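A quick note: this is a predicted structure, and the numbers were derived from the prediction, not measured.
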Amino acid sequence: GYDHAVLGAHVLAQWRFPEIITEVVALHHQPGRAYAEGGDLALLVALVRLADALEYRLRQGAALPEDEYFEELARSSSASYLELGPSILRATWSRLAEATSEISTVLVA
């Protein structure tokens, strides 16, 4: 009966994580509330949501997706809030794929 975001935020607060981190965790599924508050909270929620979307796609394979993927991602609330268009998202893909590969290698070793 718990929302994992709220429960996670409570756990992090008990572990004395900085308040901004607990707020980001609590609101990562409620971006509208975070965007309405603005500031660092909104920025960090948008970044977490964008990172989640990118990580999901990277897990499916590091090949460069079609342009339609980047256009759709750029229309997401997180990319829109961050003012990241499809060309910027596409330009970062290879670096993200390389970093993901490096991290996977380290974690397996």
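The aromatic rings of Tyr81 and Tyr35 lie parallel to each other, their planes meeting at an angle below 30°, with 60° marking the opposite boundary.
By the neighbour-count criterion of 12 heavy atoms within 6.0 Å, atom CD of Glu19 is sparsely surrounded, having that number or fewer from other residues, nucleotides or ligands. Few gaps surround CD on Glu68; more than 12 heavy atoms of other groups in view lie less than 6.0 Å from it.
Using a 4.5 Å heavy-atom cutoff, the side chains of Val24 and Leu47 are not in contact. In this structure the side chain of Leu64 reaches within 4.5 angstrom of the side chain of Phe70, judged on heavy atoms. Val25 is not listed as a side-chain neighbour of Val6, based on a closest heavy-atom distance of 4.5 Å or more. Counting only heavy atoms from C-beta outward, the side chains of Leu54 and Trp93 approach each other to under 4.5 Å.
Contact between Leu82 and Ala46 at its shortest, heavy atoms only, is CG-CB, 3.7 Å. Gly85 and Ala74 make their closest contact through C-CB, 3.9 Å (heavy atoms, listed as atom of the first residue, atom of the second, distance). The minimum heavy-atom distance between Ser76 and Ala79, with the atom names listed, is OG-N, 3.2 Å. Considering every non-hydrogen atom in both Val45 and Pro31, the closest pair reads CG1-CA, 4.2 Å.
Here the straight-line distance linking atom CZ of Arg90 with atom CD of Glu71 works out to 9.5 Å at 0.5 Å rounding. Rounding to the nearest 0.5 Å gives a distance of 10.5 Å between CD of Gln14 and OG1 of Thr22.
Judged purely by atom type and a 3.5 angstrom limit, Thr100 uses its side chain to pair as donor or acceptor with the backbone of Leu96. Panel note: side chain Arg49, backbone His28; a donor-acceptor pair is recorded below 3.5 Å.
Classification of Glu55 and Arg59 as a salt-bridged pair holds, one side-chain N sitting under 4.0 Å from a carboxylate O.
Hydrophobic cluster membership is shared by Ile20 and Trp15, with clusters built from Ile, Leu, Val, Met, Phe, Trp and Tyr side chains linked at under 4.5 angstrom.
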Before giving the answer on side chain to side chain contact (heavy atoms under 4.5 Å, CB included), spell out for Leu89 and Leu50 the whole-Å C-alpha distance, their side-chain angles and the decisive distance to 0.1 Å. CA-CA 10 Å; Leu89 295 167; Leu50 184 61; 4.1 Å; yes
